[in-house]
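Ligands are counted one by one from 1 in listed order, and the atoms in each one are counted from 1 as well.
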Amino acid sequence: MNPLRLLLLGAPGSGKGTQTSKLLNQFKHIKSVSSGDLLRRRIQQKTELGRIASEYISQGKLLPDSLMNDLVVGELSVRGWLSADSSFLLDGFPRTLEQARSLRVQLTPHNASLNLVVELDVPTDVILERIENRYVHVPSGRVYNLTYNPPKVPGKDDVTGEPLIKRPDDTSEVFGKRLKNYAETVEPLKQFYSELGILKTVSGPTSDIIFPQLLKLVVQKLHQP
Ligand code: AMP
């Protein structure tokens, strides 16, 4: 089986977190890193980076590229994933062309470059409806939706029983900015990965329609001769 080093691209609310959970359930040898989750954990732990992050996040702004690179590559290194046989899934990073370039520069010497990038293409009206009903469990990054994926006990995480929160950046004003950021930054990013020949797109309004398409791409990559 080949290693899988996958990046999921998609607008905020396009279901990257949900697709990630589904993939991790199916492939136990694959683990994920979500840049947003890393930042939210720093905020909860009240670290210096957390303080900086909360200022950007609350305004719907992207953090500086160099800071994000250090954070995520540091995490990959700590987890021992800077190696040719590692498999991992990235969610939310790289998000700009600059981040993509510098990640590539850092992974290439370890023969650990990304080998699949999948864009989740979900209609905007569906995304807006989802965000209104979205709740998260910060320590694990688990995502719930009151309409189609509610927690077993209202307001509590299914696994730990800890409280769920509404993300403060899921308000309509901040969320609008985040959608706009995405639209502005994603095109050069897609171009970069398309030139490397590893970009694919999956489309649909629900995670149940998207997931089988994503699964097919992942299985192909794992078993490609
Ligand atoms: P997410 O959970 O992926 O929606 O990320 C939440 C927020 O964290 C974003 O709106 C940004 O403010 C910040 N963030 C997460 N990942 C990145 C990144 N790769 N580059 C810059 N900012 C990021």
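Checked by atom type and distance alone, the side chain of Asp91 never pairs as donor or acceptor with a backbone atom of Val33 at under 3.5 Å. Judged by distance alone, the side chain of Arg134 and the main-chain N or O of Arg167 form no donor-acceptor pair under 3.5 Å. Of the possible donor and acceptor atoms, none in the side chain of Thr108 sits under 3.5 Å from a partner among the backbone N and O of Val105.
Ligand 1 is never approached by Gln59 to a heavy-atom distance shorter than 4.0 Å. Using a 4.0 Å cutoff on heavy atoms, Arg40 counts as a contact of ligand 1.
Within the listing of ligand 1, atoms 19 (N) sit less than 4.0 angstrom from a heavy atom of Phe93. Interface of Leu62 with ligand 1, defined as ligand atoms under 4.0 Å from a residue heavy atom, comprises 21 (C), 22 (N).
Annotation: atom 20 (N) of ligand 1 to nearest protein heavy atom, Gln99 NE2, 2.9 Å. Given atom 16 (N) of ligand 1, the protein heavy atom at minimum distance is Ser35 OG, 2.8 Å. Taking atom 22 (N) of ligand 1 as the reference point, the nearest protein heavy-atom neighbour is Leu63 N, 3.0 Å. For atom 7 (C) of ligand 1, the closest heavy atom belonging to the protein is Ile57 CG1, 3.8 Å.
For Lys61, the NZ atom sits in a loose shell: 12 or fewer heavy atoms of surrounding residues, nucleotides or ligands are nearer than 6.0 Å.
Both tests hold for Lys22 against Phe211: distance to the six-membered ring centre under 6.0 Å, angle to the ring axis within 45°.
Between Tyr56 and ligand 1, a contact under 3.5 Å exists for no N or O pair. For ligand 1, the polar-atom distance check finds no N/O of Asp169 at less than 3.5 Å from any of the ligand's N/O atoms.
Two residues are said to be in side-chain contact when any heavy atoms from C-beta on lie closer than 4.5 Å; Lys221 and Asn2 fail this criterion. Contact check for Tyr144 versus Asn133: no side-chain heavy atoms found under the 4.5 Å cut-off.
Between the side chains of Asp121 and Thr201, not a single donor N or O lies within less than 3.5 Å of an accepting N or O.
Here the shortest heavy-atom distance to atom 1 (P) of ligand 1, taken over Arg95, Lys61, Met68, belongs to Arg95. Which of Arg178, Glu98, Glu55 comes nearest to atom 4 (O) of ligand 1 through a heavy atom is settled by distance: it is Arg178.
At a heavy-atom cutoff of 4.0 Å, ligand 1 is contacted by the side chain of Leu39 but not by its backbone. Of all the heavy atoms of Arg167, the ones lying under 4.0 Å from any atom of ligand 1 belong exclusively to the side chain.
A salt bridge links Glu119 and Lys190; the closest N-O separation between the charged side-chain nitrogens and carboxylate oxygens is under 4.0 Å.
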